[in-house]
Q: 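Have a look at this one before I ask anything.
Along the sequence shown, residues carry numbers from 1.
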Amino acid sequence: SHPKKNAIFFAQLMHSLSNTGALARLDVIPLMIGNVCDEEYAKRVLATLPPETLTISTFIEPELLLEYLKNSILLLHPPVYDAYGMIIAEA
């Protein structure tokens with residue numbers, strides 16, 4: 001992940017929801033998908049995520065990504081900058 005992608009926002013939000021028990025009550029498992037561009041930033045993000053989070057930092061086939069998107073109840077895309085917005089096309 002890269003700081004411009006603002007993954008730390010997602011990590012902090014999921015951490016808070018986990019600490020309040022909201023994720024467990026709603027039976028929600030956070031999923032974070034994204035490549036690692038900045039190792040130090042990625043370490044900070046991963047350390048902030050709650051333990052129940054699934055993370056994928058390697059390329060996944062479009063069919064598998066589609067399955068994840070189909071099974072999601074919420075898509076959170078918090079970047080402070082995104083040149084193209086591929087997530088919009090994928091979603």
Q: Applying side-chain contact (heavy atoms from CB on, under 4.5 Å) to Asn35 and Phe59, what does each step give before you reach the verdict?
A: CA-CA 8 Å; Asn35 292 332; Phe59 177 80; 5.6 Å; no

Q: So, Tyr41 side chain and Ala7 main chain: donor-acceptor pair closer than 3.5 Å or not?
A: yes

Q: Are there more than 12 heavy atoms of other residues, nucleotides or ligands under 6.0 Å from atom CG of Leu76?
A: yes

Q: Take Thr53 and Leu31 through the side-chain contact (heavy atoms from CB on, under 4.5 Å) test and state the conclusion after the steps.
A: CA-CA 6 Å; Thr53 305; Leu31 169 65; over 6 Å; no

Q: Is the backbone N or O of Pro50 less than 3.5 Å from a side-chain atom of His15, with the two atoms forming a donor-acceptor pair by type?
A: no

Q: Is any side-chain heavy atom of Ile60 less than 4.5 Å from a side-chain heavy atom of Tyr68?
A: yes

Q: Evaluate Leu49 against Met32 for side-chain contact (heavy atoms from CB on, under 4.5 Å), listing each step before the verdict.
A: CA-CA 9 Å; Leu49 287 167; Met32 188 170 80; 3.9 Å; yes

Q: Should we count CG of Asn19 as having more than 12 external heavy atoms under 6.0 Å?
A: yes

Q: Report the C-alpha separation of Glu52 and Leu23 in whole Å, then their side-chain angles, then the decisive distance to 0.1 Å, and conclude whether the side-chain contact (heavy atoms from CB on, under 4.5 Å) test is met.
A: CA-CA 9 Å; Glu52 63 265 42; Leu23 294 178; 3.5 Å; yes

Q: Indicate yes or no: at least one non-hydrogen side-chain atom of Leu17 is less than 4.5 angstrom from one of Met14.
A: yes

Q: Using 0.5 Å steps for rounding, measure from the CD1 atom of Ile33 to the CG atom of Leu64.
A: 7.5 Å

Q: Working to the nearest 0.5 angstrom, can you tell me the gap between Leu46 CG and Ser57 OG?
A: 7.5 Å

Q: Taking Thr20's backbone N and O only, do any of them form a donor-acceptor pair with Arg25's side chain (distance below 3.5 Å, no angle check)?
A: yes

Q: Measure the CZ-CD distance between Arg44 and Glu39 for me, rounded to the nearest 0.5 Å.
A: 14.5 Å

